[in-house]
A.B. asks: 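After the structure tokens below, expect a handful of questions from me.
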Protein chains: 2
Amino acid sequence: MDALELLIKHDIKPSVQRLAVMEYMLTHFTHPTVDEIYSSLSPAIPTLSKTTIYNTLSLFEEQGVVLYLGIDKKNARFDGNTSHHAHFRCKKCGKIIDIFNQKQEDIVIEGHPELIIDEVQTYYTGYCKACTN
Amino acid sequence: MDALELLIKHDIKPSVQRLAVMEYMLTHFTHPTVDEIYSSLSPAIPTLSKTTIYNTLSLFEEQGVVLYLGIDKKNARFDGNTSHHAHFRCKKCGKIIDIFNQKQEDIVIEGHPELIIDEVQTYYTGYCKACTN
DNA sequence: AACTAAATTGTAATTATTACAAATCTGTTT
DNA sequence: AAACAGATTTGTAATAATTACAATTTAGTT
């Protein structure tokens, strides 16, 4: 599925900027920050504003086409992969690794039938292989 | 276990400020922010500085006597309950609820024996009972 | 009492994010 | 093709959480 299709499917009107951000998210599953996205796209779209990146990602998140990650104290991070998976953050190098072998979480939390769950995020913290040696 | 014992057990030299913060965390399992802690303790300790709260919580977290929660976009939140449990945040009222009925997570992630896991945090997001009616 | 190291304080700096008004763009109607 | 309306983007300024840091205070030891 390409960027344009994805936007339309999620009721997002495409624009040059939105397509560029979506395209970036679909080719960089590195959980980028706003700054990283801005720095990467800015040369090709010289008029691009960082506010647009904030607006765009905020819209994308509302429409469920990207995931907001709160795993990093410093910056918001975003994930173009919205399928169910967890994340691991290395305390030393800061790298964030996808963890795919998760059982699908329950939609209802046992013992809390009164809560309506929209989203589940699991964050592991520790040391990656490169930082252990 | 009282505040003094806990600090000593975690190799933290007690001081008036540290004891006050620890005491607060042991009597307020509300996942407070730095500001909330500061505002609550400030009247009794008029010379208290907000920097001290930051320093103290940072030390407490390193020593494993409180948990840092990244569930709230705006502020850091802290939990004096370091036993294994998950958290739920209501999108509407912002309340954070403890979820205790979790199976103990594995120390090793299946498929990633190379990662050293120090911590696992699970954050649920959705709507609480009061905000659903 | 003097000394040393640690802890606390207060102010200033940093920085991510948001608010907002002006400018630009898109699509539609006349 | 011009005019218009609404949405989008932009740039700047404001906000606010956190950190840096130097000065002061405190606690413990000689």
Side-chain angles (χ1 to χ4, degrees), chain A residues 3-4 7-8 10-24 31-63 65-78 89 91 94 96, chain B residues 3-4 7-8 10-24 31-63 65-78 89 91 94 96:
Chain A
L4 179 60
L7 293 191
I8 289 170
H10 287 84
D11 295 315
I12 298 164
K13 282 201 212 161
S15 70
V16 171
Q17 293 84 348
R18 287 172 180 177
L19 281 167
V21 174
M22 192 70 251
E23 182 65 29
Y24 185 89
H31 320 98
T33 64
V34 165
D35 253 58
E36 284 164 0
I37 300 169
Y38 175 76
S39 300
S40 178
L41 299 181
S42 188
I45 309 173
T47 62
L48 187 63
S49 164
K50 205 179 280 185
T51 302
T52 299
I53 308 289
Y54 276 103
N55 291 341
T56 301
L57 289 169
S58 168
L59 175 66
F60 284 8
E61 197 212 341
E62 277 166 30
Q63 299 300 97
V65 74
V66 302
L67 237 49
Y68 169 92
L69 301 186
I71 199 174
D72 180 348
K73 275 184 201 188
K74 278 251 152 172
N75 306 301
R77 290 181 172 275
F78 295 88
R89 194 189 87 252
K91 279 183 183 179
I96 295 169
Chain B
L4 180 60
L7 293 191
I8 288 170
H10 286 85
D11 296 315
I12 299 165
K13 282 201 212 159
S15 71
V16 171
Q17 293 84 347
R18 288 172 179 177
L19 281 167
V21 174
M22 192 71 250
E23 181 66 29
Y24 184 89
H31 320 98
T33 63
V34 166
D35 253 58
E36 284 164 0
I37 300 169
Y38 175 75
S39 300
S40 177
L41 299 181
S42 189
I45 309 173
T47 64
L48 188 62
S49 163
K50 206 179 280 185
T51 301
T52 298
I53 307 290
Y54 276 103
N55 292 341
T56 301
L57 289 169
S58 168
L59 174 67
F60 283 8
E61 198 212 341
E62 278 165 29
Q63 299 300 97
V65 73
V66 301
L67 238 47
Y68 169 91
L69 301 186
I71 199 174
D72 180 347
K73 276 184 199 188
K74 279 251 152 176
N75 305 302
R77 291 182 171 275
F78 296 88
R89 193 190 88 252
K91 279 182 184 179
I96 294 169

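Just so it is clear, the values below take in all heavy atoms, side chains as well, and ignore hydrogens, waters and symmetry mates. Below, read A as the first sequence line, B as the second, and so on, with proteins coming before strands; counting in each chain starts at 1.
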A.B. asks: Tell me: CG of A:Leu41 to P of D:dT9, nearest whole Å?
C.D. replies: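 So the two atoms are 13 Å apart, to the nearest Å.
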
A.B. asks: Grab the CG-P distance between A:Leu19 and C:dC25 for me, whole Å please.
C.D. replies: 16 Å

A.B. asks: How many whole angstroms separate atom CD1 of A:Ile53 from atom C1' of D:dT10?
C.D. replies: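 Checked: the CD1 to C1' distance equals 12 Å.
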
A.B. asks: Can you list everything that forms a salt bridge (charged side-chain N to carboxylate O under 4.0 Å, His left out) with A:Lys74? Sequence neighbours excluded, please.
C.D. replies: none

A.B. asks: Output side-chain donor-acceptor pairs under 3.5 Å for residues 40-55 of chain B, partner residues at least two apart or in another chain, one line each.
C.D. replies:
unit_1	atom_1	unit_2	atom_2	d
B:Ser49	OG	B:Thr51	N	3.2
B:Lys50	NZ	B:Asp35	OD1	2.9
B:Asn55	ND2	B:Thr51	O	3.4

A.B. asks: Can you list everything that forms a side-chain contact (heavy atoms from CB on, under 4.5 Å) with A:Gln63? Sequence neighbours excluded, please.
C.D. replies: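 Counting only residues at least two positions away or on another chain, A:Gln63 forms a side-chain contact (heavy atoms from CB on, under 4.5 Å) with A:His10, A:Asp11, A:Ile12, A:Leu59.
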
A.B. asks: From CD1 of A:Ile45 over to C1' of D:dT9, roughly how many Å is that when rounded to an integer?
C.D. replies: 11 Å

A.B. asks: Taking any heavy-atom pair under 4.0 Å as a contact, classify A:Thr47: base, sugar-phosphate, or nothing.
C.D. replies: sugar-phosphate

A.B. asks: What is the distance from CD of A:Glu36 to P of C:dT17, rounded to the nearest Å?
C.D. replies: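 Atom CD in A:Glu36 sits about 12 Å away from atom P in C:dT17.
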
A.B. asks: Roughly, in whole Å, what's the span from OH in A:Tyr38 to P in C:dT15?
C.D. replies: 17 Å

A.B. asks: Mind calculating the distance between CG (A:Leu7) and C1' (D:dT8) to the nearest angstrom?
C.D. replies: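 Computing the A:Leu7:CG to D:dT8:C1' distance gives 14 Å.
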
A.B. asks: Please tell me if the side chains of A:Glu36 and A:Thr33 come closer than 4.5 Å, counting only heavy atoms from C-beta onward.
C.D. replies: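 The answer is yes, as the side chains (C-beta and beyond) meet within the 4.5 Å cut-off.
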
A.B. asks: Protein within reach of the bases, or only the backbone? For nucleotides 16-30 of chain D, mark each nucleotide 5' to 3' as B, S or -, using heavy atoms under 4.0 Å.
C.D. replies: -SBBBB---------

A.B. asks: For D:dT10, does OP1 or OP2 lie under 4.0 Å from any side-chain N or O of A:Thr52?
C.D. replies: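 Checking A:Thr52 against D:dT10: at least one side-chain N or O falls below 4.0 Å of OP1 or OP2.
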
A.B. asks: Find the distance A:Ile12:CD1 to D:dT8:P and express it as a whole number of Å.
C.D. replies: 10 Å

A.B. asks: Has B:Ser15 got a side-chain N or O lying under 4.0 Å from the OP1 or OP2 atom of C:dT8?
C.D. replies: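 Yes, because at least one side-chain N or O of B:Ser15 sits under 4.0 Å from OP1 or OP2 of C:dT8.
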
A.B. asks: Between A:Gln17 and C:dC25, is there a side-chain N or O to OP1/OP2 distance below 4.0 Å?
C.D. replies: no

A.B. asks: In sequence, state the C-alpha distance, the side-chain angles, and the governing distance for B:Lys73 and A:Glu61, and then conclude on salt bridge (Lys or Arg N to Asp or Glu O under 4.0 Å).
C.D. replies: CA-CA 14 Å; B:Lys73 276 184 199 188; A:Glu61 197 212 341; 3.3 Å; yes

A.B. asks: Name all residues meeting the ring pair (Phe, Tyr, Trp, His ring centres under 6.0 Å) criterion together with B:Phe78; count only those two or more places apart in sequence or in a different chain, and write none if there are none.
C.D. replies: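 Only B:Tyr68 meet the ring pair (Phe, Tyr, Trp, His ring centres under 6.0 Å) criterion with B:Phe78.
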
A.B. asks: Could you pull out all residues at least two apart from B:Tyr24 that satisfy ring pair (Phe, Tyr, Trp, His ring centres under 6.0 Å)?
C.D. replies: B:His28

